[in-house]
Amino acid sequence: MTVAFAQAACQTVEVAFIGRLGTEVLAGYALVLPLLLLMQMMSAGAMGGGVSAAIARALGAGRRDEASALVAHAGLIGIAMGLLFTLAIEGFGPAIFRAMGGSGEAVGHATVYARVLFAGSLLVWLANTLGAVLRGAGNMRLPATIMLLAWGFDAALSILLLTRTSLGIAGAAIAYVATFLLASAGMVAAILRGGAGFAPSLRVRLDLGLFGRILSVGLVASAMAAIANLTTVLVTALVSRHGSAAIAAYGVGVRLEFLMIPLAYGIGAALTALVGLRVGAGDWAGARITAWRGAAMAGAIAGAVGAAVALAPHPLARAFATDPEVRAAIGLYLVLVGPAFPGLGIGMALYFAAQGAGRMRLPFLASLVRIALAAGGGAWAGDRFGLSGLFAAVAAALVGYGAIVAASVRPSIWSARGR
């Protein structure tokens, strides 16, 4: 949770400084944001959750040699995924930004930011994958300490490059890559020194079955992360119909929404490991109790944040934008979407718990319902009620998502015979 708050604070401050570079720069950042969030969610929470779950279930069942072998398999998956992200952005980045509704200077700023940022994708994936190994083994403190130091470094370097150089938004991207270079080095050192409770062998015969242990959860979770970010992409395209000021406002507003994900992740990462250990030991009842306790915590935290921004939206809007039109749109988003944050918090926490349990069907359905309500419902409501209708549909999507994921945590599904 400390790391989650540090990440939220550092990235929020960074957005505030990016906003001072102008509306078009902020709009460019908003175009890159869904892709950045996709990489973060997939590497740390989705595929990372598959890694944590596989390690935890192996250790819970007493298979220490299997857990050791899983480390090398996880690292190879992380390296491959990192390279895939780099190639995708380099080849198709500008086209993606235009498809999202960007144009002119906003696409130019987005392209510069993305190409620098995603050049370091491999580092992001490696750091988050190895952090997932440590968490799956029950060591939360070591990867948390590494990332806490990393996010502090990121905030300081990003502000320095944004305010003291002429790099512009590229400065924030350089700081991000440098941060994960340090984080990945720290995670490698931690793993090799036995931070997971065992010293993994680097001479491991690759086993398709072990890749499957990770990918059976990680691929489904990654698809869910892609759907969640596709939702943001589609809503961004709908918002673009209302102009650059609306896009800039949504970039700020959705950043706050996605800050709930790191907060839920602070609890959820622990839930993946704890639930996985209990499931590995055959204690399904204990796994369900653990999951609901975590969901209650996440829902309460997200609800408190949502209530605060909904009741007092104007100070936050003033902190992130100088344009009165952008401020007004940010305030509208906070008032309408803020009250739905508890649904997102509960849903995300139980999504991580479901990774540990290996029960991903209903959470996957929930992600489909979310995109249908946000994009489909948003298109309908936006045409009839304007920006307020679109944001109301986004709020309904968050509530629906949380409700369906919560419905999946019951004995008929979370049991040895469940599916």
Side-chain angles (χ1 to χ4, degrees), residues 42-81 125-144 187-188 190-222 265 267-291 294 351-360 363 413-419:
M42 286 181 67
S43 60
M47 195 65 72
V51 172
S52 287
I55 295 286
R57 287 198 294 268
L59 292 175
R63 300 190 299 267
R64 185 172 293 270
D65 289 342
E66 179 182 306
S68 177
L70 282 167
V71 176
H73 291 73
L76 289 175
I77 291 172
I79 290 170
M81 292 298 295
W125 274 88
L126 186 60
N128 287 334
T129 298
L130 296 181
V133 169
L134 293 169
R135 290 190 297 273
N139 189 342
M140 303 292 168
R141 181 173 296 178
L142 185 53
M187 295 296 182
V188 168
I191 292 287
L192 293 180
R193 292 181 179 179
F198 53 84
S201 173
L202 298 180
R203 296 182 179 181
V204 176
R205 179 177 295 179
L206 298 183
D207 184 340
L208 292 178
L210 295 184
F211 281 119
R213 299 280 175 86
I214 297 171
L215 296 175
S216 62
V217 170
L219 286 179
V220 176
S222 295
Y265 173 75
I267 296 171
L271 286 179
T272 300
L274 292 171
V275 169
L277 286 168
R278 288 186 178 275
V279 168
D283 183 11
W284 283 94
R288 293 193 301 272
I289 293 171
T290 300
Y351 151 79
F352 284 111
Q355 290 180 329
R359 297 293 185 264
M360 300 295 292
I413 296 175
W414 276 44
S415 64
R417 296 182 178 181
R419 290 291 185 269

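Counting begins at 1 with the first residue of the sequence.
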- Task: Measure across P363 and A354 and return the closest heavy-atom pair with its distance rounded to 0.1 Å.
- Result: CG-CB, 4.0 Å

- Message: My understanding is that only residues two or more places apart in sequence, or in another chain, count here; which of them pass ring pair (Phe, Tyr, Trp, His ring centres under 6.0 Å) with Y351?
- Response: none

In residues 47-55, what donor-acceptor pairs under 3.5 Å come from side-chain atoms, sequence neighbours left out?
residue: S52; atom: OG; partner: G48; partner atom: O; Å: 3.4
residue: S52; atom: OG; partner: A132; partner atom: O; Å: 2.8

- Test side chain to side chain contact (heavy atoms under 4.5 Å, CB included) on N128 and M81 and set out the steps. CA-CA 12 Å; N128 287 334; M81 292 298 295; over 6 Å; no

- Rounded to the nearest 0.5 Å, what separation is found between the CG atom of L274 and the CD1 atom of I289? 13.0 Å

- Closest approach of A58 to E66 (non-hydrogen atoms, all atoms of both residues): CB-OE2, 3.6 Å

- Query: Which pair of heavy atoms, one from A137 and one from L59, lies closest together, and at what distance?
  - Reply: CA-CD1, 3.6 Å

- Could you tell me whether the side chain of H73 reaches within less than 4.5 Å of the side chain of R213, counting heavy atoms only? no

- Note on the structure: Residues A357 and V279: closest non-hydrogen pair is CA-CG2, 3.9 Å

- Mark yes or no for whether R135, through its side chain, and A144, through its backbone, hold a donor-acceptor pair below 3.5 Å. no

- Note on the structure: Rounding to 0.5 Å, atoms CG (L130) and CG (L142) come to a distance of 11.0 Å

- Note on the structure: What one should report as the nearest heavy-atom pair of G136 and A273 is CA-CB, 4.2 Å

- Item | Donor-acceptor contact below 3.5 Å, side chain T272 vs main chain G268 | yes

- How about L206: does its CG atom have over 12 heavy atoms from other parts shown lying under 6.0 Å from it? yes

- Message: Working to the nearest 0.5 angstrom, can you tell me the gap between L76 CG and T129 OG1?
- Response: 10.5 Å

- To the nearest 0.5 Å, tell me how far R288 CZ sits from W414 CH2. 9.0 Å

- Task: Check whether any side-chain heavy atom of L134 lies under 4.5 Å from a side-chain heavy atom of M187, and answer yes or no.
- Result: yes

- Who passes salt bridge (charged side-chain N to carboxylate O under 4.0 Å, His left out) against R141, sequence neighbours left out? none

- Message: Side chains of L70 and I214, heavy atoms from C-beta outward: is any pair under 4.5 Å?
- Response: yes

- Message: I want to check something: taking the side chain as every heavy atom from C-beta on, are R359 and V275 in contact at a cut-off of under 4.5 Å?
- Response: no

- Measure the CG-CG distance between L215 and L210 for me, rounded to the nearest 0.5 Å. 10.5 Å

- Would you name the heavy atoms of M42 and S222 that are closest together and state the gap between them? CE-CB, 3.5 Å

